K.L.:
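Provided herewith is a single structure, encoded as structure tokens, for subsequent inquiry.
Note on naming: letters A, B, ... go to the chains in the order of the sequence lines (proteins, then strands), and numbering restarts at 1 for each one. Computed over heavy atoms, backbone and side chain alike; hydrogens, waters and symmetry mates excluded. No experiment lies behind these values; they were computed from the predicted model shown.
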Amino acid sequence: MSFRTAARIALAPRRTLASTFLSNPSLCRRFLSTEHRKAIDDAVHQHPLVLFMKGTPDQPQCGFSRAVCQILDVQGVPQDKIKSFNVLEDEDLRTGIKEYSEWPTVPQLYVNGEFVGGCDIVLSMHQNGELEELLAKNGLAAPLPEQAK
Amino acid sequence: MVAQSEIESTLRAALPKLARIEIEDQSSGCGENYSVLIVSDDFEGLITIKRHRLVNEILRKQIAEMHAFSQRTLTVKQYEAMKKAGTL
């Protein structure tokens, strides 16, 4: 189901805008509609790993998105466990995702509904071992045997 | 187009413990693609995502005008340790 479809049929809002968003008047220039928020919220909760990116894992259209895909690949996450959304194909999603997470850039990685981070954070978590731990804990990649570390 | 000096002054104003800042314009001059290393004890006790959120918030206006923004956020202690280990 596309985001547009999901947004149309979505009914009730599940979350309110975070307080920080409302406390700063300069941030109120555009509000994410409850329908779109619900569609994004559903997507990140329906799949264990969701990546909002530019392009697709097979054909990334931005170096940062490519880097995250490569890291997931190196971590041994199977392709079929990666649910990706191409923000270049959906302008509403492209702006909406930034408001949903209050994070200004794409790519954005979510694991079981939790926002993990963008490229910089995923890379640093990859380097310090936190990503492997997170993926293994959520059954998205097998943990490395001790001697291989 | 965002000037390098604007990024630096905005961060300086918001992070009183800023010890070091390295801004690299990776856009070959068009001012839309920056990579920033920020060393400050203002980050002490914050996990990485909170540090990045703090910087995103400080530079909200500037980041919105850029094509790409990449950041590394370290405390003075982390910076010194990484420098010593050659992993910076």
K.L.:
Does anything in residues 103-111 of chain A reach chain B? List residues with heavy atoms under 4.5 Å apart, or say none.
P.N.:
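Residues in range: Trp103(A), Pro104(A), Thr105(A).
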
K.L.:
When clusters are formed by joining ILVMFWY residues with side-chain heavy atoms under 4.5 Å apart, either directly or through shared neighbours, do Tyr100(A) and Leu49(A) land in the same one?
P.N.:
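Yes, Tyr100(A) and Leu49(A) fall within the same hydrophobic cluster.
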
K.L.:
In Å and rounded to the nearest 0.5 Å, what is the OG to CG distance from Ser70(B) to Leu123(A)?
P.N.:
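Ser70(B) atom OG to Leu123(A) atom CG measures 8.5 Å (nearest 0.5 Å).
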
K.L.:
Linking I/L/V/M/F/W/Y whenever any side-chain heavy atoms sit under 4.5 Å apart, do Ile40(A) and Val68(A) land together?
P.N.:
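Looking at the clustering, Val68(A) is in the same group as Ile40(A).
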
K.L.:
Quick one: do Leu15(B) and Val76(B) end up in the same hydrophobic cluster if we chain Ile, Leu, Val, Met, Phe, Trp and Tyr together by side-chain heavy atoms under 4.5 Å apart?
P.N.:
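As far as the 4.5 Å side-chain criterion goes, Val76(B) and Leu15(B) are not connected within one cluster.
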
K.L.:
Is it true that atom CD of Glu133(A) has more than 12 heavy atoms of other residues, nucleotides or ligands lying nearer than 6.0 Å?
P.N.:
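No, CD of Glu133(A) has 12 or fewer neighbouring heavy atoms, counting only those of other groups under 6.0 Å.
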
K.L.:
Under a single-linkage definition using a 4.5 Å side-chain heavy-atom cutoff for Ile, Leu, Val, Met, Phe, Trp and Tyr, are Phe69(B) and Val39(B) assigned to the same hydrophobic cluster?
P.N.:
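Phe69(B) does not cluster with Val39(B).
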
K.L.:
Who in residues 44-56 of chain B is close to chain A, using a strict under-4.5 Å heavy-atom cut-off?
P.N.:
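The residues closer than 4.5 Å to chain A, in numerical order, are Thr48(B), Ile49(B), His52(B), Arg53(B), Asn56(B).
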
K.L.:
Is Phe115(A) in contact with chain B via its backbone, its side chain, both, or neither, using a 4.5 Å heavy-atom distance?
P.N.:
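Both parts, heavy atoms under 4.5 Å.
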
K.L.:
Counting only heavy atoms not in Glu114(A), do more than 12 sit closer than 6.0 Å to its CD atom?
P.N.:
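No, because the 6.0 Å sphere around CD of Glu114(A) holds 12 heavy atoms or fewer from other groups.
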
K.L.:
Do Met53(A) and Phe85(A) share a hydrophobic cluster, counting only Ile, Leu, Val, Met, Phe, Trp and Tyr and linking them when any side-chain heavy atoms are less than 4.5 Å apart?
P.N.:
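Yes, it is one cluster - the side chains of Met53(A) and Phe85(A) are joined through contacts under 4.5 Å.
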
K.L.:
Hey, what do you get for SG (Cys119(A)) to CD (Gln71(B)), rounding to the nearest 0.5 Å?
P.N.:
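Rounded to the nearest 0.5 Å, the SG-CD separation comes out at 11.5 Å.
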
